[in-house]
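Heads up, the thing below is written out as structure tokens.
Read the numbers this way: they start at 1 and go in the same order the structure lists the ligands and their atoms. Quick note: residue numbers are just sequence positions, from 1.
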Amino acid sequence: MILIKNGTLVSPLGSRKADILIDGEKIARIAEHIEVPGECRIVDAAGKLVFPGFIDAHTHFDLHVAGTVTVDDFASGTKAAIAGGTTTIVDFGTAYPGETLNEGLDHWFEKAKAGCSCDYGFHQTITEWNDTISAQVEDMIERGASTFKIYMTYDTQIDDCTILKVLKRLKECGTTTGCHCENSGLIDALREEAVADPERRRAVRSHYLTRPAAAEAEAIGRFCHLAEVADEPVIDVHLTCEEGLEEIRAARRRGQKVYAETCPQYLVMDDSLYENASFAEASKYVCAPPLRKKSDQEALWKAIKDGEIQTVSTDHCSFTTQQKKLGEDDFRKIPGGMPGVETRGTVIYSEGVAKGRISPEKMCEVLCENPARLYGMYPRKGTLSEGSDADIVILDPSRRQVVSASTQVSKCDYAPLEGMELSCVIDEVYLRGCLAVKDGKVICENQGRYIKRSKPEFF
Ligand code: DUC
Ligand code: ZN
């Protein structure tokens, strides 16, 4: 048994000083003072914050994009995740056109055989629609890949007619989908203009100039309207901007249930990073949707505080600076995505909690409890409660650290926030009762298990 004493336990409803007793893989007891019961390792968490293990409901490990593959696979990605306090990730199985949902999911189970250092689950991505796929929605739910993902852009996009069919079927099955909302036609038209000019074709800045906030907002609005007709709760993933948020607000005013996710990059980085004259520097930040304005960052922080954004995930999708060079002559070929799974907790604490933008309780809500509920893992995950998995993060708010690629676990050769001073460190992480991280170092690998998720809770 392990007894964590004197820490401040954080939950969305409040924080309190209490002890936690871990027995095997579960939290056995929580009380103000727990006497040492027989043989027991004692951990003194005085002065520290104790969170439920963080959940990252949006990662892409071992993903093939733009003729290359993410540098982090499930082994390095989940190791980076747990180093940063994330004890459960949910990645995206994908059934590519021509595949059944079962085949797509099988493929992702194979990828996870690389060995996972945190627990993991899968959403399932739907890229086309037919009777087999419709029937296999139930298989996905049965296999624990209980929530879905669709795209309104990229090769994986589906059209409005298909989106409506998907939403109606998911409603029948009592589940939901996240959607990557960007207007593909608008982006294509702007890209055609940009590539006609050799200078703009080579410029990284063309990436964000051809994916304006209007493209995202229009798609969010359309997606919400389709969900309105299907009478289906939906999730907008990686919300970046106030214009998009306005569309979600409008849908909610119509009485719809729309959940919103944002990511740390949209909270702490802005589009001026694309203006760097160095291709190597500017291309590090190419992701879709792109980074936005500083005013959008503040709007997103406020929306988290006000409960308008329910989850903060990462969209971790890492490529090295060498891989980014694939787009040196044509910005459209830069593989999109950046790492983030390792720093999410400490960045949200430092930039959010320590700077007074959100409370520790809100941080717990958006990193732990809400993703657990929305993605069918609550109360096994996402809460410090008796009977829950002993997934626990001890965060020390009295020690500082500087972000550096040289010390990160991720195999990416850069850190988007290189040099940023963070006002906390992750002291210890427990994965189902097993001490997996000590003093920020991963000391126990490959203990991650597949989490068969239930249907979502629509709160
Ligand atoms: N956006 C990215 O930047 N990369 C992967 C997928 C996505 O939606
Ligand atoms: Zn993504």
Note to self: Once you measure the plane-to-plane angle for His58 and Phe92, does it fall in the parallel (<30°), tilted (30-60°) or perpendicular (>60°) bin?
What the structure shows: perpendicular
Note to self: Applying the side-chain contact (heavy atoms from CB on, under 4.5 Å) criterion to Tyr375, which one of Ile451, Ile235, Asn370 satisfies it?
What the structure shows: Ile235
Margin query: For the aromatic rings, using the six-membered ring if either is Trp, is the centroid distance between Tyr285 and Tyr208 under 6.0 Å?
Written below: no
Notebook entry, point to check: What number of protein N, O or S atoms occur at distances under 2.8 Å from the Zn ion (ligand 2)?
Noted result: 3
Margin query: Whether the side chain of Glu418 engages the backbone of Ala405 through a donor-acceptor N/O pair (distance < 3.5 Å, no angle test) should be reported.
Written below: yes
Notebook entry, point to check: Between Ser134 and Asp131, is any side-chain donor less than 3.5 angstrom from a side-chain acceptor?
Noted result: no
Next item on the list: Please indicate whether Asp155 has more than 12 foreign heavy atoms, meaning atoms of other residues, nucleotides or ligands, lying under 6.0 Å from its CG.
Entry: no
Item checked: Contacts of type side-chain hydrogen bond (donor to acceptor under 3.5 Å, both in side chains), residue Arg332, not counting sequence neighbours -> Asp330
Notebook entry, point to check: Taking only residues two or more places apart in sequence or in another chain, which ones pass salt bridge (charged side-chain N to carboxylate O under 4.0 Å, His left out) with Arg252?
Noted result: none
Next item on the list: Write out the protein residues near ligand 1, meaning a non-hydrogen atom under 4.0 Å from one of its atoms, in order of chain and number.
Entry: His60, Tyr154, His180, His238, Cys287, Ala288, Asp315, Cys317, Gly336, Gly337
Note to self: Just to verify, which of Asp413, Val341, Val71 counts as forming a side-chain contact (heavy atoms from CB on, under 4.5 Å) with Ser318?
What the structure shows: Val71
